[in-house]
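The structure appears below as structure tokens.
The structure presented is a predicted model; accordingly, all values stated were derived computationally and were not measured.
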Amino acid sequence: MELRLYDTLSREKRTFVPLDAKEVRMYVCGPTVYDFAHIGNARPVIVFDVLFRLLRHLYGEAHVKYVRNITDVDDKINDRAARDFPGLPLNEAIRKVTEQTGRQFHADVDALGALRPSVEPRATEHIGEMREIIERLVAGGFAYAAEDHVLFSPQAMNAANSGLPRYGALSNRSLDEMVAGARVDVAPYKKGNTDFVLWKPSKPGEPSWPSPAGITAQGRPGWHVECSAMAWKHLGEHFDIHGGGIDLVFPHHENEVAQTCCAFHRERMANYWMHNGFLQVESEKMSKSLGNFVTIHELLADWPGEVLRLNMLKTHYRSPIDWTMKSLEESAKTLDDWYRVAADVVPGKPAPSVVEPLLDDLNTPLAIAALHGLRGSDVGALAGSLRLLGFLSESAAQWEGRKQQASGVDAKEVERLISERTAARARKDFAESDRIRDLLAAMGVAIKDSKEGTTWEVAR
RNA sequence: GGCCACGUGGCGGAGUGGUUACGCGCCGGUCUGCAAAACCGUUUACUCGGGUUCGAGUCCCGACGUGGCCUCCA
């Protein structure tokens, strides 16, 4: 069976045919490292990790190249640096912010069971490529310098009309309407009100680099051109898959396409544009003002990363998802069960009943339903399938031990109470045995009696 | 205002014309000193109004509701 993926540009599911089966190439927009990543940021990380794993399964581990960038030059970073480290020179403070945040991001996504991408380029290490693209755009008449800025003109792009995509095609907008509907307060140096920034001057003390397009003042890149440059450097002018959150379709991805296609005179940048849907928290939009801003870091204090991962994959990646505590509890329960029955068995090959839904535009909910089916029929295939999806990274004992550790329960004390209870039961002193059971329950310990004896675990 | 998603049983969530989704919960049973856990079994649905069709949750039109983008928020 073949892989089919939904492409935002053509607005249909299409059979996936890689440009080069020896090197399948995927780019996903990564974080801007200025603060803890929130649970919404985790969605593309997890979704495209599943796709990465699936592609490796299909084409071989050595034949998939996954690039996810780190944006480490940005206004928000500058603001954060100035606020958090007022005593330091700005550039030093910025380095602290990006290093700390980058480290935290890696810790978070590792815990979510996401494989590291093949390459994680940093924007600040690709300024040369950005300047190159900008120079090409200026030379081609698609961009111009004005007051130390370089601006891209979508109108020039659509006027060229020769082997280029139409600006607006990806986000399904007409440039004319955008011109008409644009805000009034357009910067005076812009020729057209839809022109966007490729390069801008740096304020004193901010990170800065020599400017392109004959500008003498030092400057820094705009956001959109960073991704064009990093994708070009690591994947070439034309590659297979470009992914990100649906909110990035416009303007970010629309502008990326414009920059890359105009710089290299191409009709396409990526053959498949994939976008994950939005996430709400307890039926509300996540925002700092509502106070429901949930970071991955905070959630990881209460839940194993795989619980967050499963919770995310229970919904199809293009559908909206409502992130709730109830749903997390359910996911935790499911994983407890899978760990119990499958973590320590020899994994078999991933089952077709699991792989086939994945081949149909990453239908993870249907794949998960198939896992429930395997649970009763073939635990070897269950184990293999779970591993394909990035689960079962530890043993059953480690899984249980982690819960125990997080709860702070004293295992020795529990064992002592259980043997007391066993003795009480043996002499039919049920009042005493029930008292001990209640005591353990109050400690957060759940008892399980069976013919082989009594076991226990930390109740969640 | 423009563009675009989504609306399935108590809850989550698949299903692009025709047989049980699946999971959690509830309920019943087995087990148990009683429970819990485990195992077995069972129940409930397709926002509303039209239309197409032998047949629609599934296609078309409309309404209502929710959400997203149109400001460098995934």
Side-chain angles (χ1 to χ4, degrees), chain A residues 8 11 13 28-32 34-35 37-48 71 73-77 168 171-174 176-178 180-183 185 194 196-197 200 221-224 226-227 243-252 254-255 275-280 283-288 293 310-311 313-322 324 326-334 336-337 340-341 357 360 363-373 375-376 424-425 428-431 433-434 437-438 440-441 446-451 454-457 459:
Chain A
T8 305
R11 275 164 264 283
K13 261 191 232 178
V28 174
C29 291
T32 298
Y34 70 102
D35 201 352
H38 58 67
I39 188 61
N41 300 115
R43 194 166 190 191
V45 168
I46 293 169
V47 164
F48 291 105
T71 294
V73 47
D74 183 271
D75 286 333
K76 290 192 292 280
I77 296 172
S171 57
N172 195 30
R173 278 153 222 261
S174 113
D176 291 343
E177 282 169 13
M178 288 161 60
R183 298 286 194 280
D185 53 335
T194 56
F196 62 87
V197 170
K200 55 187 165 185
W223 178 41
H224 310 304
E226 296 176 9
C227 283
I246 195 165
D247 58 317
L248 293 182
V249 174
F250 190 88
H252 185 54
E254 191 72 61
N255 291 353
H275 295 97
N276 61 271
F278 232 67
L279 175 148
Q280 288 185 286
S283 303
E284 283 187 314
K285 178 173 176 158
M286 182 166 52
S287 72
K288 288 191 171 155
F293 205 83
L310 176 62
N311 202 240
L313 296 177
K314 282 200 303 196
T315 304
H316 183 86
Y317 77 92
R318 284 192 281 120
S319 299
I321 182 170
D322 190 18
T324 65
K326 185 168 186 247
S327 182
L328 276 170
E329 280 161 10
E330 206 178 287
S331 299
K333 191 176 290 191
T334 303
D336 281 346
D337 180 59
R340 194 164 52 81
V341 302
D360 182 17
N363 191 339
T364 53
L366 194 56
I368 289 167
L371 292 173
H372 290 301
R375 197 264 184 215
R425 290 178 74 207
K428 301 216 186 299
D429 184 356
F430 297 122
S433 78
D434 288 354
R437 185 169 67 196
D438 291 346
L440 286 164
I447 299 260
K448 297 178 182 182
D449 294 327
S450 74
K451 290 191 177 71
T454 300
T455 59
W456 65 281
E457 68 174 27

For nucleotides 26-31 of chain B, read 5' to 3', which letter fits each nucleotide if B means a protein heavy atom sits under 4.0 Å from the base, S means only the sugar-phosphate is that close, and - means neither?
------
Sidechain N-carboxylate O distance under 4.0 Å for R340(A), D337(A)
yes
Secondary structure of RNA chain B in dot-bracket form (Watson-Crick or G-U wobble, distances below 3.5 Å, | marking inter-strand pairs)
(((((((..(((.....[...)))..((((.......)))).....(((((..]....))))))))))))....
Send over the distance from [X] [atom1] to [N] [atom2], rounded to a whole Å.
X	N	atom1	atom2	result
R173(A)	G2(B)	CZ	P	14 Å
I77(A)	C73(B)	CD1	P	12 Å
H224(A)	A74(B)	NE2	P	13 Å

By side chain to side chain contact (heavy atoms under 4.5 Å, CB included) - contacts of [X] (at least two apart):
X	result
A367(A)	V354(A), P357(A), L358(A)
D75(A)	N78(A), K200(A), R220(A)
A332(A)	W303(A), V307(A), R460(A)
K76(A)	Y34(A), D74(A)

With a cut-off of less than 4.0 Å, is there a side-chain N or O of T315(A) near OP1 or OP2 of G13(B)?
yes
Respond yes when some side-chain nitrogen or oxygen of K76(A) is under 4.0 Å from OP1 or OP2 of C73(B), and no when none is.
yes
Heavy-atom side-chain contact between R173(A) and E254(A) under 4.5 Å
no
Test salt bridge (Lys or Arg N to Asp or Glu O under 4.0 Å) applied to [X] - qualifying residues, sequence neighbours left out:
X	value
K13(A)	D360(A)
D429(A)	R427(A)
K448(A)	E457(A)
R425(A)	D449(A)

Listed by chain and number, what are the ring pair (Phe, Tyr, Trp, His ring centres under 6.0 Å) partners of H316(A), not counting sequence neighbours?
none
Please list each protein N or O that sits under 3.5 Å from an N or O in nucleotides 7-11 of chain B, with the distance.
from   : atom 1 : to      : atom 2 : distance (Å)
C11(B) : O2'    : K326(A) : NZ     : 3.3

